[in-house]
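All remarks here apply to the structure that follows.
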Amino acid sequence: MLRLARPVFHPQFPNYKVLCLIFFFKKTCVSVLQTVFSFVEIQCGIAAKAKMIIQRVVLNSRPGKNGVPVAENFRLEESTIADAIQAGQVRVRTLYLSVDPYMRCRMNEDTGSDYLLPWQLSEVADGGGIGVVEESKHDSFAKGDFVISFNWPWQTVAILDGSLLQKLIPQLVNGRLSYFLGAAGITGLTALLGIKEKGHVAVGANQTMVVSGAAGACGSLAGQIGRLEGCSRVVGIAGTDEKCSILVQEMGFDAAINYKKGNVAEQLREFCPGGVDVYFDNVGGDISDTVISQMNQNSHIILCGQISQYNKDVPYPPPLSPDIEKIQKERNITRERFLVLNYMDKQEACVLQLCQWIQEGKLKVRETVVEGLANIGAAFQSMMSGGNIGKQIVSVSK
C-alpha cells in the first residue's frame with residue numbers, strides 16, 4: 001500500500017490549518033482510491049480464477065436414422081469449466097480422442113442398444129480419450145500422469161471423476177500413447193477376444209479367415225491376430241487398391257480383394273479354394289452375404305460390426321436374407337453377437353499380449369491422425385465413408 005509521510009508544520013507557519021486540511025484530505029482520497037482499486041483487483045482475480053475458458057465439440061444436429069453423417073453435425077464452441085477441482089476429481093488436458101464407427105449410433109435419439117447412450121443436441125460429445133493430468137485430488141493420480149477414459153468429453157481441458165480413469169504406462173507401446181485407443185486398447189481387445197471367444201481358431205487346423213473392412217481399425221488388426229493365433233490363410237476385403245496393397249505388403253495378409261473392382265465371389269473362390277472357416281465381419285450387407293455363401297460346415301462368424309448398415313434404420317445385428325439364413329442353418333455356421341465389454345475380466349492379460357506383439361514387431365499398427373479438435377467432425381465423416389486406413393485419431397494438443 002502507498003504511504004504518505006506526515007509533513008512537519010510549524011504552528012506559526014502561514015495557513016497552517018489550511019495546509020493540514022489539504023494534507024489530510026489528500027491522504028484520505030488516496031486511501032479510499034487504494035481501497036477501491038484493491039477491491040476491484042481482488043474481485044477480478046476471483047472471477048478470473050473461478051472459470052477456465054476451453055473449447056469443446058457438441059452435437060449440432062442429427063443426420064437421421066437413414067442419413068449419412070457430415071462434419072456439420074458437430075459444432076466447435078467456447079465454454080468454461082471450474083478452475084477449482086473437488087476431492088476425488090482430476091483436471092486433465094486432452095491429448096488424443098478416438099473416432100469410431102459405433103459412434104454413428106449415438107447420433108440417433110435411440111441408439112438401438114442398451115449399453116450405448118445417445119449424444120444430446122448442443123451437449124458435448126464423448127468417447128475414448130487420452131490426456132495428461134494437470135491437477136489431481138485423487139489418491140491414484142499425480143500431475144504429469146498419462147490417463148485414459150472411454151467417457152472422455154470432446155474438449156481441450158476437462159475435470160473428470162478419478163474413478164473413471166486408468167493410468168497408462170507409455171513404455172508398453174514404445175511411447176506411442178495413441179495406441180492405447182487402438183491396437184493396445186478396446187480396438188485391439190475386440191479383435192483378439194473376438195477371435196479367441198467366437199472364432200474358435202486352433203493352431204494346426206489349417207483354417208482360412210476372411211476379414212471384411214480389413215483396412216479399418218479393427219479389421220487390420222484382426223487379420224494379423226488371426227495369423228498369430230493359428231490361421232493358415234488370411235484374406236482381406238477393402239475398398240481401394242492402396243488399402244489392399246498395405247494389407248498384403250505391410251500386414252501379412254495372403255491376399256486382399258478390392259470389392260469395388262471385379263467380382264468378389266469369384267475372387268473369394270480363387271483366394272479361398274478350400275472355403276472359409278472363420279469370417280471376421282465388420283461390414284454386413286452384400287459383402288457379408290457373399291462371404292457367408294462360401295463358408296464351410298461348422299464354420300464361425302465373428303460379428304464385430306455392421307458399418308454398411310449403420311446409416312439404416314435396422315435392428316442390430318441386422319437379420320440375414322432368407323437365402324443366406326438358410327445357408328447359415330444348413331451348414332451350422334455360428335453367428336453370435338459379440339460385445340467386448342462382456343470379457344473385461346480378460347482385459348489385462350490381453351492388453352499385455354497386444355503390447356508384446358507390438359514391441360516385437362509382430363503386430364503392425366496403422367493410424368490416420370487428424371490434427372486439431374476443430375477437425376473432429378471432418379474426421380468422423382471421413383471415417384464413416386471409409387476414407388481412413390487403420391485407427392482414426394484426433395490429436396488435440398501436444
Side-chain angles (χ1 to χ4, degrees), residues 51-82 91-131 148-161 164-165 178 181-182 185-187 216-218 305-316 339 341 368-388 391-397:
K51 297 291 182 181
M52 178 184 294
I53 298 174
I54 63 165
Q55 288 187 318
R56 67 177 192 170
V57 171
V58 303
L59 184 66
N60 187 49
S61 59
R62 301 187 190 277
K65 286 191 173 183
N66 297 308
V68 177
V70 294
E72 290 72 24
N73 291 133
F74 300 96
R75 183 177 75 248
L76 180 72
E77 63 181 26
E78 276 196 351
S79 185
T80 58
I81 60 172
R91 187 176 75 240
V92 291
R93 175 166 53 87
T94 305
L95 299 178
Y96 301 104
L97 294 172
S98 176
V99 180
D100 301 286
Y102 82 87
M103 293 175 171
R104 173 62 184 86
C105 303
R106 301 192 68 187
M107 299 180 78
N108 298 332
E109 288 185 89
D110 179 5
T111 65
S113 170
D114 54 2
Y115 64 90
L116 285 179
L117 294 175
W119 287 329
Q120 300 301 316
L121 290 172
S122 296
E123 295 293 331
V124 66
D126 68 323
I130 289 173
I148 188 171
S149 172
F150 295 98
N151 303 100
W152 198 289
W154 287 7
Q155 56 193 56
T156 51
V157 180
I159 295 175
L160 302 177
D161 188 329
L164 300 176
L165 299 172
S178 58
L181 291 173
I186 286 291
T187 310
C218 198
Q306 302 283 279
I307 195 169
S308 72
Q309 308 298 302
Y310 286 168
N311 295 328
K312 300 177 182 178
D313 186 11
V314 294
Y316 185 85
L339 181 61
L341 298 177
T368 299
V369 180
V370 173
E371 299 288 340
L373 184 63
N375 296 314
I376 199 167
F380 189 90
Q381 179 178 341
S382 175
M383 182 266 303
M384 288 302 299
S385 65
N388 62 300
K391 181 71 177 179
Q392 182 80 69
I393 297 288
V394 174
S395 176
V396 178
S397 64

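Only a predicted model underlies this, so the values are computations on that prediction, with no experimental measurement involved.
When all heavy atoms are compared, the tightest approach of Ser397 to Thr94 is OG-O, 2.5 Å. Here the closest heavy-atom approach between residue Pro153 and residue Ala158 is recorded as CG-CB, 3.7 Å. Between Leu160 and Leu165 the shortest heavy-atom distance is CD1-CD2, 3.7 Å. Listed here is the closest heavy atom pair of Phe380 and Arg104: CZ-N, 3.7 Å. Heavy atoms only, all atoms of each residue included: Ser98 and Asp100 are closest at OG-OD2, 2.6 Å. Nearest heavy-atom pair, Met107 versus Arg62, reported as atom, atom and distance to 0.1 Å: O-NH1, 2.9 Å.
Side-chain contact between Met384 and Ser382 is absent, with no heavy-atom pair separated by less than 4.5 Å. For the pair Ser61 and Arg75, the minimum side-chain heavy-atom distance is 4.5 Å or more. Looking at heavy atoms from C-beta onward, Thr80 lies in side-chain contact with Ile53 at the 4.5 angstrom threshold. Contact annotation: the side chain of Met52 approaches that of Arg91 to within less than 4.5 Å [non-hydrogen atoms, C-beta and beyond]. Counting only heavy atoms from C-beta outward, the side chains of Leu181 and Ile148 approach each other to under 4.5 Å. Taking 4.5 Å as the limit, some side-chain heavy atom of Thr156 sits within range of a side-chain heavy atom of Val396.
Taken to the nearest 0.5 Å, the CH2 atom of Trp119 stands 7.0 Å off from the CG atom of Asp126. Interatomic distance, Ser113 OG to Asn108 CG, rounded to the nearest 0.5 Å: 12.0 Å. Distance CD/Gln155 to CD/Gln55: 11.0 Å, rounded to 0.5 Å. Summarising the geometry, atom CG belonging to Leu95 is positioned 11.5 Å from atom CD1 belonging to Ile393; distances are rounded to the nearest 0.5 Å. If you take CG on Asp114 and CG on Leu116, they are separated by 8.5 Å, rounding to the nearest 0.5 Å. For the atom pair Gln392 CD and Ile376 CD1, the distance stands at 9.0 Å (nearest 0.5 Å).
A donor-acceptor pair is defined here as one N or O able to donate and one able to accept, closer than 3.5 Å; such a pair exists between the side chain of Arg106 and the backbone of Leu117.
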Checking side chain to side chain contact (heavy atoms under 4.5 Å, CB included) for the pair Phe74/Leu59: CA distance, chi angles, key distance, verdict? CA-CA 5 Å; Phe74 300 96; Leu59 184 66; 4.1 Å; yes
Between Gln381 and Asn73, is the side chain to side chain contact (heavy atoms under 4.5 Å, CB included) condition met? List the steps. CA-CA 9 Å; Gln381 179 178 341; Asn73 291 133; over 6 Å; no
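Under the side-chain hydrogen bond (donor to acceptor under 3.5 Å, both in side chains) criterion, Trp154 pairs with no residue at all, not counting sequence neighbours.
Under a cut-off of 6.0 angstrom, the local environment of CD in Glu371 is crowded, with over 12 non-hydrogen atoms contributed by other residues, nucleotides or ligands.
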